[in-house]
Protein chains: 2
Amino acid sequence: MPTTIGDVARRAGVGVGTVSRVLNNQPKVGPETRARVLAAIAELDYVPSATARQLSLRRTNTIAVASIHIVIPSVIERIHGIERALTAAGLDLIIRNVETVERRNEAVREIARTDRIDGAIFISLAPGAEELARIRRSGLPVVLIDAHHRSVPRVVSDDVEGGRLVGRHLLELGHTRIGFVGDPPRPALGVQSSRMRLRGVIEALQERGLGIAPEHIVEGEHSRAGGQDSARTILSRPDPPTAIVAANDTLAFGVLAAARERGLDVPRDLSVVGYDDIDAADLVQLTTMHQPLRESGTEAVRRLLAILDGTDNGPLRSVLPVHLVKRGTTAPAPERTA
Amino acid sequence: MPTTIGDVARRAGVGVGTVSRVLNNQPKVGPETRARVLAAIAELDYVPSATARQLSLRRTNTIAVASIHIVIPSVIERIHGIERALTAAGLDLIIRNVETVERRNEAVREIARTDRIDGAIFISLAPGAEELARIRRSGLPVVLIDAHHRSVPRVVSDDVEGGRLVGRHLLELGHTRIGFVGDPPRPALGVQSSRMRLRGVIEALQERGLGIAPEHIVEGEHSRAGGQDSARTILSRPDPPTAIVAANDTLAFGVLAAARERGLDVPRDLSVVGYDDIDAADLVQLTTMHQPLRESGTEAVRRLLAILDGTDNGPLRSVLPVHLVKRGTTAPAPERTA
DNA sequence: CACCAAAGTGGAAGCGGTTCCACCATGTTT
DNA sequence: AAACATGGTGGAACCGCTTCCACTTTGGTG
């Protein structure tokens with residue numbers, strides 16, 4: 001029912017090849033013929049079938065993004081960056097939300113299977129060995145964001161350095177007993193940022209000959225409630241820390257809630273530092289590490305397009321810079337009362 | 001290079017038609033033949049081409065979502081609901097971010113143009129007349145969320161009722177001078193929720209013979225900063241209101257910031273009510289209207305699928321319920337000091 | 001003036017599926 | 001035993017585009 005290239009050709013009194021050439025701005029068409037074809041296109045309100053085009057060209061002009069839980073604020077910012085970059089490049093974006101390892105495998109398999117996309121970006125999520133092999137076999141280019149895999153191009157922020165900066169900031173304020181609230185380790189998903197940030201904090205402490213007590217490190221669910229639980233545990237230890245570092249802002253909000261619950265004044269009694277600098281961090285005046293989330297998305301797209309063009313020559317690992325944003329939740333350590 | 005249905009047919013010693021029948025679980029295939037085909041598929045690790053399938057079937061199993069500014073928290077929740085419902089139905093989701101009217105037209109045109117999708121959902125965004133005509137012509141089913149158009153199926157929450165409930169809540173607390181911070185009116189985008197909520201508040205006041213002073217109504221940019229600006233304006237009037245209603249939580253956060261800035265204690269000196277009950281509302285203990293955001297997404301998908309099935313018989317307008325969540329930013333009106 | 005390169009052009013083949021139609025065995029009915 | 005459903009099956013045609021190849025025209029060139 002919809003008009004096809006043949007209808008246009010007939011109307012313009014030319015062959016389909018010529019119409020196709022006009023559509024694709026190819027040179028070898030006489031100016032007068034081109035005008036006639038364009039007129040026919042306009043008259044018929046013709047639009048080429050993207051599907052037929054795909055089949056013929058073996059290109060879809062679409063890329064897929066798979067990410068853990070798309071409602072996580074940092075994930076959203078990254079997707080936003082991706083969306084911008086793709087739109088600018090005239091590509092479509094298909095999105096898939098992944099919440100468990102099984103669903104990840106399923107999603108990856110599906111992504112590798114269809115010829116529906118030209119490339120894929122994984123956010124905070126790395127494909128498993130078998131899935132990766134599948135992808136390799138299909139030749140689909142892939143870029144990871146905030147995830148690690150030895151042999152896959154990826155965009156990450158310098159988590160260890162970020163942790164280090166957080167640690168130094170707290171040391172400067174006189175804190176020596178520092179706690180850490182992190183995400184659950186999920187080696188299966190290939191995401192290590194929480195652990196890397198912890199490592200940075202530890203390194204900063206070690207520079208001063210200090211350490212972090214194992215009972216002051218708790219890893220729990222990535223949610224406000226999870227952060228609150230973890231902080232509760234830490235704060236109920238004898239001799240609790242005077243500062244808590246959270247692996248991300250969402251957890252930090254939970255830490256703030258736990259502090260409030262215990263009647264601790266932030267930052268007088270307890271300093272809290274987050275990570276990511278999401279929008280809401282400003283809302284509660286949270287001191288946090290800023291990382292360029294949106295840029296991580298655009299950078300991933302840049303890499304992906306370069307791979308598609310065959311012009312990619314960057315390092316496997318692009319590292320984005322971070323910087324500390326000092327707000328209202330950190331202050332000098334309280335005098336030791338005990 | 002990838003294996004095709006022909007490869008499978010050859011390997012299994014059958015015709016392509018038979019392989020196709022097996023792939024689509026059609027009945028008329030002998031059990032022994034079916035087994036042989038399945039074996040061949042497994043051996044070759046064959047996956048049918050989605051594109052070829054699309055071309056032949058004239059169905060894409062993909063739907064598009066166009067929304068204003070995808071980083072708005074309420075929009076994200078809606079998308080989340082859509083994503084869930086689509087994944088459950090085995091459909092793909094393509095996303096397009098729209099920020100201006102021009103970009104909207106462009107996006108709509110593109111959506112209506114390609115044969116790449118089976119349907120579309122618009123969030124807080126209605127197509128313009130010309131674009132709508134285009135969509136109609138293309139026969140593409142469309143559902144709107146949080147947007148209005150006489151003749152397009154849509155999912156909205158009962159904004160007037162929500163506003164009314166907010167108004168009554170404040171009246172019960174003894175507030176009589178109430179301010180309103182809203183989104184800019186954008187008739188071109190077909191989004192009226194801010195105005196509808198305002199209308200509800202006004203209706204509640206009228207029930208008591210009260211009104212809302214025009215200088216206590218300010219509409220500004222949909223952002224924290226915008227809300228802050230608007231609230232500043234209102235609070236600097238002589239005889240400012242004792243309560244401010246914001247058309248959404250993001251604006252309410254701005255109102256809170258403006259109050260803090262002026263040294264007003266919330267809720268002692270000023271009550272603040274938001275709308276949406278986004279995640280961060282809980283974080284700052286904001287009293288707000290809850291509306292089922294995620295459900296709005298699933299409902300929109302349900303409608304869209306029904307239209308695609310030809311089984312849709314619902315009203316053009318699905319209205320979702322709202323309810324007030326009382327938290328810490330509303331309290332009895334202060335004694336009149338003047 | 002014959003010859004040839006270059007610019008334009010038409011249309012068949014191919015992309016990888018689905019489906020319809022023709023056809024072949026069977027088993028069942030008269 | 002002839003007539004005939006019926007379950008299986010192969011394969012051509014088709015979906016709507018791109019591209020390659022063959023062909024015609026035109027304007028130089030020797």
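A, B, ... follow the sequence lines: proteins, then strands. Residue 1 opens every chain.
One interatomic measurement links the two molecules: CZ of A/Arg116 to P of C/dG17, which rounds to 13 Å at whole-angstrom precision. Atom pair A/Asn24:CG and D/dC17:P shows a separation of 11 Å (rounding to whole Å applied). What separates CG of B/Leu44 from P of C/dG17 is a distance of 12 Å, to the nearest Å. Protein atom CG of A/Asn25 is 13 Å distant from nucleotide atom P of D/dT19, rounded to whole Å. Note: CG (A/Asp7) to P (D/dG16) measures 9 Å, nearest angstrom. Between A/Arg36 atom CZ and C/dG10 atom C1' there is a gap of 13 Å when expressed in whole angstrom units. Summarising the geometry, the separation between CG on A/Leu23 and C1' on D/dG16 is reported as 12 Å, rounded to the nearest angstrom.
Checked against the 6.0 Å centroid criterion, the rings of A/His69 and B/His80 qualify as a close aromatic pair.
Under a 4.0 Å N-O distance rule, the pair B/Asp312/B/Arg303 qualifies as a salt bridge. Ion pairing of A/Arg154 with A/Asp146 is absent here, as no side-chain N (NZ or NE/NH1/NH2) approaches a carboxylate O to less than 4.0 Å. Salt-bridge formation is detected for the pair B/Arg116/A/Asp92: a Lys NZ or Arg NE/NH1/NH2 atom is positioned less than 4.0 Å from an Asp or Glu carboxylate oxygen. Classification of B/Arg134 and B/Glu131 as a salt-bridged pair fails, no side-chain N sitting under 4.0 Å from a carboxylate O.
Residue A/Glu130 places its CD atom among 12 or fewer non-hydrogen atoms of other residues, nucleotides or ligands, all under 6.0 Å distant. When the shell of 6.0 Å around CZ of A/Arg34 is examined, it contains more than 12 heavy atoms from other residues, nucleotides or ligands. Residue A/Arg36 places its CZ atom among more than 12 non-hydrogen atoms of other residues, nucleotides or ligands, all under 6.0 Å distant.
Nearest heavy-atom pair across A/Ser49 and B/Asp115 is OG-OD2, 2.6 Å. In terms of heavy-atom proximity, B/Ile63 sits nearest to B/Leu91 at CG2-CD1, 4.2 Å.
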Got a list of protein N/O to nucleotides 22-27 of chain C N/O distances below 3.5 Å?
none

Filtered N/O pairs between nucleotides 5-7 of chain C and protein, under 3.5 Å:
none

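Nucleic acid contact class of B/Gln26 (heavy atoms, under 4.0 Å, all strands): sugar-phosphate only. No contact: B/Asp115 has no heavy atom under 4.0 Å from any strand.
For the segment residues 8-22 of chain A, the set of residues with a heavy atom within less than 4.0 Å of an atom of DNA chain D comprises A/Gly17, A/Ser20, A/Arg21, in numerical order. The stretch residues 47-57 of chain B comes close to DNA chain D through B/Leu55, B/Ser56, each having a heavy atom under 4.0 Å from the strand.
Taking side-chain N and O atoms only, A/Arg58 has no distance below 4.0 Å to OP1 or OP2 of C/dG14.
Between the side chain of A/Asp7 and the main chain of A/Thr4, a donor-acceptor pair closer than 3.5 Å is present. Listed for the A/Gln291 side chain is no donor-acceptor partner under 3.5 Å among the backbone atoms of A/Leu320.
Between B/Val152 and B/Leu316 the shortest side-chain heavy-atom distance does not fall below 4.5 Å. The shortest distance between side-chain heavy atoms of B/Ile145 and B/Val156 does not fall below 4.5 Å.
Between the side chains of B/Asn105 and B/Arg103, no donor-acceptor pair is found at a separation under 3.5 Å. Side-chain atoms of B/Ser151 and B/Arg136 include a donor-acceptor pair closer than 3.5 Å.
For B/Thr33, whose side chain is taken as the heavy atoms from C-beta onward, the closest listed nucleotide among C/dT18, D/dT18, D/dG8 is D/dG8.
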When Watson-Crick pairs (N1 to N3 and N6-O4 or O6-N4) and G-U wobble pairs (N1-O2 and O6-N3) count only below 3.5 Å on both distances, what is the dot-bracket string of DNA chain C, with | for other-strand pairs? ||||||||||||||||||||||||||||||
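Applying the side-chain contact (heavy atoms from CB on, under 4.5 Å) rule to B/Val16 yields the partners B/Ile5, B/Ala9; only residues at least two apart in sequence or on another chain are considered.
DNA chain D is contacted by both A/Tyr46 and B/Gly30; B/Gly30 maps to the nucleotide lying nearer its 5′ end (nearest heavy atom per residue).
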